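None of these values were measured; they are calculated from a predicted model.
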Amino acid sequence: MLKTIASQIKEFKRDSILTPVMMLAEVAVEMVIPLLMASLIDYGVTAGNLGHIRKIGLWMLLMAVLGLITGVLGAKFGARAAAGLARNLRQSMYENIQTFSFSNIDKFSTAGLITRLTTDVTNVQNAYMMLLRMCIRAPASLVVAMIMAFSINARLSSIYLVAVIVLAMILFVIMTRAMKYFRQVFQKYDDLNASVQENISAIRVVKAYVREAHENQKFRAASQNIYKMFLSSEKIVSWTFPVMNATIYTCILLISWFGAKMIVSDALTTGELMSLLTYCMNILMSLMMLSMVFVMLSMSAASAERISEVLREQADLEDPEHPILDVADGSVEFRDVDFAYHKEAGKPVLKGINLSIRPGETIGIIGGTGSAKTSLVNLISRLYDVTSGQVLVGGRDVREYSMEALRNQVSVVLQKNVLFSGSILDNLRWGDENATEEECVRACQLACADEFIQKMPQGYATHIEQGGANVSGGQKQRLCIARALLKKPKILILDDSTSAVDTATDAKIREAFASEIPDTTKFIIAQRVSSVAGADRILVLEDGRVDGFDTHENLLKTNAIYRDVYQSQTGGGGDFDEGGAD
C-alpha cells in the first residue's frame with residue numbers, strides 16, 4: 001500500500017524533501033531561543049546589563065525571523081507536495097478506471113469509486129501534509145528539547161521523561177481503540193454516496209411514486225451510521241486533550257515547585273527555570289502534535305488502502321503482444337462458446353453457443369428476460385472474454401485484435417442509452433470526432449432523429465442536459481443510434497435500442513439500415529417480434545442456449561418459443577403503437 005501511494009509523489013519529490021528540511025530548521029531555531037532567553041534574564045535583566053539585553057534581544061529577533069521564514073517555506077512546500085500527491089492519485093485512479101473491463105468495474109460500486117476519488121484522496125492529502133510537517137517537526141522538537149533540558153538540569157528534566165512515558169502509553173491506548181472505528185467509517189461513505197446518486201438519477205420516479213419520505217429515511221439511516229461511528233471514535237479521541245492538559249499543568253507545577261527550591265539554594269538560576277518551562281511546553285506540545293498525526297494517519301490508513309485497491313487493479317482484458325489492427329469484414333462466428341461473469345460461478349450464463357453469421361446479414365435476437373441476449377453481443381466487441389471457446393470477427397479471434405481497432409469496427413448501442421452534457425453535435429461526434437455537420441445530419445436522418453432535431457429552437461446546437469434529461473426516451477435512443485452510425489462500423493449492435501420508439505419509426509430505421517448500410521452486419525436485440533421479423537435470420541435464446549436460429553417463417557413452423565411470442569404479440573391485432581409517432 002505505502003509503495004503504491006508513494007509512487008504517485010512523482011514530480012513533487014523535491015517539495016517532499018524540502019518540507020522536512022524546513023521543519024528541522026525551524027526546530028533548531030526554536031530550540032536556541034530559550035537559551036538566549038535564559039542568558040537575557042541571568043546576565044542582562046538580573047545583572048542590569050543593558051548592552052547584553054540589546055545584544056541578546058537582537059539575536060532573539062533574528063531567530064524569530066528565521067523561524068518565521070522556515071515555517072512559511074515549510075508550509076508552502078508541504079502544501080504543494082500534498083496537493084500534488086492528491087492530484088496525481090486522482091489522475092492515476094481515473095486513468096486506470098478507463099482501462100477497466102466491465103468485469104473490473106463490477107468489482108467496485110460507482111459510489112465506491114466516487115468516494116475513493118474524493119473523500120479518500122482528501123484524507124490521504126491531509127495525512128501526507130501532517131506526515132511531512134508534524135511527523136518530522138514533532139519528534140525532532142521532542143528529542144532536541146529533551147536534550148537541552150537535561151543539559152540544563154537533569155534532576156528537573158526527569159519529570160519530563162516520566163510525563164512523556166506515561167502520556168505516550170495513555171495516547172497509545174486511546175488511539176488504538178479509536179483506529180477500529182476510523183477503518184470502518186469511510187466504507188459507510190459508499191452507502192451515503194450510493195443513496196444520493198440513486199435518488200438524484202431516479203428523481204422523476206421518486207416524485208412520481210411520492211417516495212420522498214422513503215428516500216429521506218434511507219439517506220438519514222446512511223448518514224446516521226456515519227454519525228454513530230464518528231461519535232464513537234471522537235468520544236475516545238476526546239480524552240486526548242484533557243489528559244494532555246492535565247499532564248502539562250502537572251509538569252509546570254512540579255518544575256515550578258522544585259525549581260523555586262533550587263533557585264533559593266542557588267542550584268538553579270531564574271533564567272534556567274524559564275528555559276526549562278519553555279522546553280516543557282515544547283516537549284509536551286510535540287507529543288500532542290504526534291498524537292494528532294497518529295489520529296490522522298489512523299483515519300487515512302483505510303482510505304490509502306481503498307485507493308491502492310483501485311491503482312493496483314489490473315484490467316482483465318489486455319491487447320495481445322502483436323495485435324491485429326484491421327478487421328477484414330463483419331462476419332461473426334461463435335465456436336463452442338461458454339461464458340460466466342465470474343470464474344467461480346457454478347452455472348455459466350451462455351452454454352455451447354455455435355453460430356456463423358455472414359458479413360452484411362441482419363440478425364434478430366429474441367428471448368425472455370435473463371436469456372443472456374446482452375451477454376452474447378458483449379462478447380463480440382470483447383467487453384468480456386469467453387470462459388471457453390472462441391468468438392471470431394472477420395475470421396480472427398477477437399482476442400487477437402487491438403481492442404481499440406476492434407471496438408472502432410463494432411458499434412454498440414447499449415440497453416442503457418447515455419447522452420452527455422453538451423450540444424447535440426458534441427454528442428454525435430462521440431462516434432467520429434472529425435465528422436462534419438453534414439455527416440451528422442445524414443446519420444440522424446438514417447436514425448429518424450433529424451425530424452425532431454429540426455423542430456428544436458437551436459437545431460443541432462441544442463444543449464443536452466446531463467444524462468439527456470431534456471429529451472424523451474425515444475429521442476435519446478435515436479440520437480444514440482445516429483452516434484453509432486457515425487463510426488461507419490462493420491458490425492452494428494442494437495441492444496433493445498428501439499424499445500422506446502413506435503413501430504412505424506422502428507420500421508423506418510430498419511429500412512434505412514437495409515438500404516444505406518447493406519454491408520454492415522447488424523444485430524438487433526428486441527422484445528417485439530415486429531422489430532426482428534424482417535431480419536435475415538432470427539436467434540432465439542432460452543436460458544443461455546440457442547433454441548432456434550432461422551428465418552421468421554421457418555421459426556413460426558419449427559420453434560415453439562418464437563411461435564408463442566409471436567402469437568401473444570399479434571393475437572390482438574398487432575402492436576398497439578403501430579403506425580403511431582413518437
Side-chain angles (χ1 to χ4, degrees), residues 1-12 82-125 128 186-198 200-201 300-320 323 341-343 374-375 378-379 381-385 398-399 401-408 410-422 426-427 430-431 433 466-468 480 483 495:
M1 177 187 73
L2 293 177
K3 185 177 180 181
T4 303
I5 298 297
S7 67
Q8 299 302 316
I9 297 173
K10 297 178 181 177
E11 68 270 34
F12 298 99
L85 173 64
R87 186 199 70 182
N88 289 345
L89 285 172
R90 289 193 183 97
Q91 187 66 34
S92 296
M93 275 198 291
Y94 192 80
E95 288 175 357
N96 200 38
I97 290 169
Q98 302 308 305
T99 69
F100 287 177
S101 66
F102 281 14
S103 58
N104 290 115
I105 294 173
D106 291 342
K107 296 179 184 178
F108 304 96
S109 67
T110 303
L113 289 173
I114 291 172
T115 304
R116 285 168 166 84
L117 283 162
T118 52
T119 305
D120 287 330
V121 170
T122 301
N123 290 334
V124 171
Q125 177 181 348
Y128 190 58
F186 297 109
Q187 296 176 0
K188 296 298 179 182
Y189 274 114
D190 292 354
D191 297 334
L192 190 71
N193 285 339
S195 178
V196 174
Q197 180 189 0
E198 189 175 52
I200 293 174
S201 61
S300 65
S303 293
E305 180 57 39
R306 284 156 55 82
I307 291 169
S308 297
E309 286 176 3
V310 178
L311 292 175
R312 290 195 302 260
E313 181 73 13
Q314 297 293 319
D316 290 340
L317 306 181
E318 295 181 349
D319 284 341
Y341 283 101
H342 303 287
K343 294 178 181 178
T374 298
S375 300
N378 279 344
L379 300 178
S381 54
R382 207 188 169 201
L383 297 178
Y384 294 93
D385 267 344
V398 292
R399 290 168 290 197
Y401 287 106
S402 155
M403 283 186 284
E404 182 178 351
L406 175 66
R407 291 171 185 170
N408 274 332
V410 181
S411 198
V412 183
V413 184
L414 298 169
Q415 249 176 331
K416 294 181 179 179
N417 297 287
V418 177
L419 293 176
F420 298 88
S421 54
D426 291 337
N427 273 275
W430 273 67
E433 61 182 355
Q466 185 178 8
C480 289
R483 181 174 66 189
D495 187 356

**Student:** For residues Ile9 and Asn88, determine if any side-chain heavy atom of one lies less than 4.5 Å from a side-chain heavy atom of the other.
**Tutor:**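 A side-chain contact under 4.5 Å is absent here.
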**Student:** Where is the tightest heavy-atom contact between Ser402 and Pro323, given as atom of each residue plus distance?
**Tutor:**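 Nearest heavy atoms, Ser402 then Pro323: N-CB, 3.5 Å.
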**Student:** What's the shortest heavy-atom distance between Arg306 and Asp120, and which atoms?
**Tutor:**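 Where Arg306 meets Asp120 most closely, the heavy atoms are NE-OD2, 2.7 Å.
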**Student:** Evaluate side chain to side chain contact (heavy atoms under 4.5 Å, CB included) for Glu305 paired with Thr4, printing each intermediate quantity in order.
**Tutor:** CA-CA 9 Å; Glu305 180 57 39; Thr4 303; over 6 Å; no
**Student:** With a 4.5 Å cut-off on side-chain heavy atoms, are Asn378 and Val412 touching?
**Tutor:**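 When only atoms from C-beta onward are counted, Asn378 and Val412 do not touch, as no gap falls below 4.5 Å.
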**Student:** Is there side-chain contact between Tyr401 and Arg382, with heavy atoms separated by less than 4.5 Å?
**Tutor:**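 No; the side chains remain at least 4.5 Å from each other.
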**Student:** Looking at Glu404, I want to see if its CD is surrounded by more than 12 non-hydrogen atoms of other residues, nucleotides or ligands under 6.0 Å.
**Tutor:**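 Atom CD in Glu404 is not crowded, with 12 or fewer foreign heavy atoms closer than 6.0 Å.
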**Student:** Please round to the nearest 0.5 Å and tell me the distance separating atom CG of Asn123 and atom CZ of Arg116.
**Tutor:**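 Here the interatomic distance stands at 13.0 Å.
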**Student:** Any side-chain heavy atom of Glu313 within less than 4.5 Å of one from Glu309?
**Tutor:**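 Sidechains of Glu309 and Glu313: no contact.
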**Student:** Side chains of Leu383 and Arg407, heavy atoms from C-beta outward: is any pair under 4.5 Å?
**Tutor:**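 Touching, per the 4.5 Å side-chain cut-off.
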**Student:** Hey, mind stepping through Val310 and Leu113 against side chain to side chain contact (heavy atoms under 4.5 Å, CB included) and telling me if it holds?
**Tutor:** CA-CA 8 Å; Val310 178; Leu113 289 173; 4.0 Å; yes
**Student:** Which value, rounded to the nearest 0.5 Å, describes the distance between Leu117 atom CG and Tyr94 atom OH?
**Tutor:**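 One gets 9.0 Å once the value is rounded to the nearest 0.5 Å.
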**Student:** Working to the nearest 0.5 angstrom, can you tell me the gap between Gln91 CD and Asn96 CG?
**Tutor:**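 Output value for this atom pair is 11.5 Å.
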**Student:** Could you state the interatomic distance from CD (Gln314) to OG1 (Thr99), rounded to the nearest 0.5 Å?
**Tutor:**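 The CD atom of Gln314 sits 8.0 Å away from the OG1 atom of Thr99.
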**Student:** Can Ser375 and Tyr341 be counted as having a side-chain donor-acceptor contact under 3.5 angstrom?
**Tutor:**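 Yes, because at least one side-chain N or O of Ser375 sits under 3.5 Å from a partner of the opposite role on Tyr341.
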**Student:** If I compare all heavy atoms of Lys10 with all of Ser92, which pair ends up nearest, and what's the gap?
**Tutor:**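 Of all heavy-atom pairs spanning Lys10 and Ser92, the closest is NZ-OG, 3.7 Å.
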**Student:** For the atom pair CD (Gln8) and CG (Leu311), what is the distance rounded to the nearest 0.5 Å?
**Tutor:**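 Rounded to the nearest 0.5 Å, the CD-CG separation comes to 5.5 Å.
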**Student:** Does Leu85 reach the side chain of Gln125, with side-chain heavy atoms less than 4.5 Å apart?
**Tutor:**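 Not touching, per the 4.5 Å side-chain cut-off.
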**Student:** Using a 4.5 Å cut-off on heavy atoms from C-beta on, say whether the side chain of Tyr128 contacts that of Ile5.
**Tutor:**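 Answer no - side chains too far apart.
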**Student:** To the closest 0.5 Å, what do you measure between CG (Leu419) and CZ (Arg483)?
**Tutor:**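 The distance works out to 5.5 Å.
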**Student:** Answer yes or no: does atom CD of Glu433 have more than 12 heavy-atom neighbours from other residues, nucleotides or ligands under 6.0 Å?
**Tutor:**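 Result for CD/Glu433: open.
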**Student:** Is there a side-chain contact between Thr118 and Thr122 in this structure, where contact means two heavy atoms from C-beta onward sitting under 4.5 Å apart?
**Tutor:**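 The answer is no; the side chains never approach within 4.5 Å.
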